[in-house]
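To keep things clear, I will list the structure first and then write my remarks on it.
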There are 2 protein chains.
Amino acid sequence: MNKKRLEIKALAFLVYGYVMLYQTSSMFDLLLTNIAKYIHLTEEEKVTFVACLKPIQIKRKQFVLNEGEICRNSVFVNNGCLRGFTVDKNGIEHVLSFAPPGWWIADMYSLISQKPGILNIEALEDTEALILSKAGQEKLYHEIPKFERFFRILTENSLVANQQRIIDNMSLTAEERYSIFCKRYPTLIDHLPQKQIASYIGVTPEFFSRMRAEMVRKKK
Amino acid sequence: MNKKRLEIKALAFLVYGYVMLYQTSSMFDLLLTNIAKYIHLTEEEKVTFVACLKPIQIKRKQFVLNEGEICRNSVFVNNGCLRGFTVDKNGIEHVLSFAPPGWWIADMYSLISQKPGILNIEALEDTEALILSKAGQEKLYHEIPKFERFFRILTENSLVANQQRIIDNMSLTAEERYSIFCKRYPTLIDHLPQKQIASYIGVTPEFFSRMRAEMVRKKK
DNA sequence: TGCATTTCTTAATCTACATCATGTTTTCCA
DNA sequence: TGGAAAACATGATGTAGATTAAGAAATGCA
């Protein structure tokens, strides 16, 4: 009798474990799917990887990183949206990047050098994310060298996008840059406050507002 | 007698081989030294690596890559200087990057996607360089996975520099951007035609010329 | 060495976008 | 749910840098 009870208990625990696994796994699905586009992970490797991740919740307007701090994590967004921005000597903010679901964000300079950074990272809405510490990332490089490949590819893609942005900033008008933004990030447009988009494409909110009115006028 | 002749011949060939190795090795020194900062290669791996490289000579004003072509190589500069630039719809050139000795250059977008690119790469002076084909690079990733790490780090550094440039373009005046350029690339300043620097920092040659005169005037 | 080409300079005028100011609409949260 | 804060719109004016033009200096190459 005693033994049977133990068995039942053990079974219940197992079931509970599976349920937990099943439930919480959804939190890693988006990231694992993204990774699968570039490298193949065994189930065991997935477990090792997931063990390096820590889920966090960030309230709207809350900061994940402040300028002057050392960036110790990469952040992968599951829900919501983050922004990375700097503040210039006149107190004006400049958006370097948005991180909607499926995107990574960090202060790359600070993360690499482990010196104080210049980036602020803030939630534009309530956000669920996973963080991967620098230590965790280096552990991954050691234990599963395929991750070198994954992050190389990720970084390459990011570099290409940033180079294109430099070229666009040098050779296009604000209006053209905005059109490109709309095409490239259609989901962000209705989501984001105008002033954030204005800051990203590199104009003042006032000019952006006028420009949009102008564009509507033209189309008629 | 016949045998001895053969031995001498073999010895001569060996000596010749070493001399060749010694002479030509200087051509790879800069690159191997750079790599050694990030990963350790065995002598055997060095040989494998060097076998993937092909030396080229580029005359001043000659193009290594034209927009519209598919970029099939990364180029590492030993001597001289290359520039990567785009031409906008008004025919104005915009310099995305310079490649002085010790630097890599390529149309990253095209190299990754193997689609026609938008970058022109041209020699600003007679240049000696090494090219690593995309195929060669992928062979390296397979045979010596450490190269995943090397190129990841290279790409990360490049990404950081490009992000900083985006921020600078959004938050600084042309004069400030020029000051930063002077500090960051002191060797390039006396080397490069002014109009190339103007194009890199994102102003016209006329404005750049006036700006510099202005800066001299101020300092007195 | 000299001449053609490219690069640099300087000046007048123009424009895309910034700044300042003020009112209106939307959003948030107590 | 209502009132404060944030976001957006619009007008008047200012400015960094572009454009056009034309001459002077430097450079490359036959």
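Below, each value reflects all heavy atoms present in this structure, side chains not excepted, and no hydrogens, waters or symmetry copies. Everything numeric in this text was worked out from a predicted model, so none of it was measured. Letters A, B, ... are given to chains in the order of the sequence lines, protein chains preceding strands, and every chain is numbered from 1.
In this structure, the side chain to side chain contact (heavy atoms under 4.5 Å, CB included) partners of Ala198(A), at least two apart in sequence or on a different chain, are Val203(A), Phe208(A). For Pro116(B), the side chain to side chain contact (heavy atoms under 4.5 Å, CB included) criterion is met by Ile70(B), not counting sequence neighbours. By the side chain to side chain donor-acceptor pair (under 3.5 Å) test, Gln194(A) is found to be paired with no residue, residues two or more places apart in sequence or in another chain being considered.
Applying the ring pair (Phe, Tyr, Trp, His ring centres under 6.0 Å) definition to pairs two or more places apart or across chains, none involves residues 120-140 of chain B. Every pair passing ring pair (Phe, Tyr, Trp, His ring centres under 6.0 Å) that includes a residue from residues 79-99 of chain A is listed here, sequence neighbours excluded: Phe98(A)-Tyr200(A). Listed by first then second residue, pairs satisfying side-chain hydrogen bond (donor to acceptor under 3.5 Å, both in side chains) with a partner in residues 46-56 of chain B read Glu43(B)-Lys46(B), not counting sequence neighbours. Among pairs with a residue in residues 150-165 of chain B, those fulfilling salt bridge (Lys or Arg N to Asp or Glu O under 4.0 Å) read Glu148(A)-Arg152(B), Arg152(B)-Glu156(B), at least two apart in sequence or across chains.
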**Q.** Summary of protein contacts for nucleotides 9-27 of chain C, nucleotide by nucleotide, where a base hit scores B, a sugar-phosphate-only hit scores S (4.0 Å, heavy atoms)
**A.** BB-B----BSBBB------
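Chain B approaches DNA chain D over the interval dG17(D) to dG28(D), counting the first and last nucleotide 5' to 3' with an atom under 4.0 Å from its heavy atoms.
Checked against the 6.0 Å centroid threshold, Phe147(A) and Phe49(A) count as a close aromatic pair.
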Donor-acceptor list for residues 100-110 of chain A side chains, cut-off 3.5 Å, not counting sequence neighbours:
| from | atom 1 | to | atom 2 | distance (Å) |
| --- | --- | --- | --- | --- |
| Asp107(A) | OD1 | Tyr109(A) | N | 3.2 |
| Asp107(A) | OD1 | Ser110(A) | N | 3.1 |
| Asp107(A) | OD2 | Ile118(A) | N | 3.2 |
| Asp107(A) | OD2 | Leu119(A) | N | 3.1 |
| Ser110(A) | OG | Cys71(A) | N | 2.8 |
| Ser110(A) | OG | Lys115(A) | O | 2.7 |

Could you give the side-chain donor-acceptor pairs of residues 57-64 of chain B under 3.5 Å, partners two or more places apart or in another chain?
| from | atom 1 | to | atom 2 | distance (Å) |
| --- | --- | --- | --- | --- |
| Gln62(B) | OE1 | Lys59(B) | N | 3.0 |

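Comparing the helix axis at one end of the helix from dT1(C)-dA30(D) to dA30(C)-dT1(D) with that at the other, each defined from 5 consecutive pairs, gives an inter-axis angle of 60° (nearest 10°).
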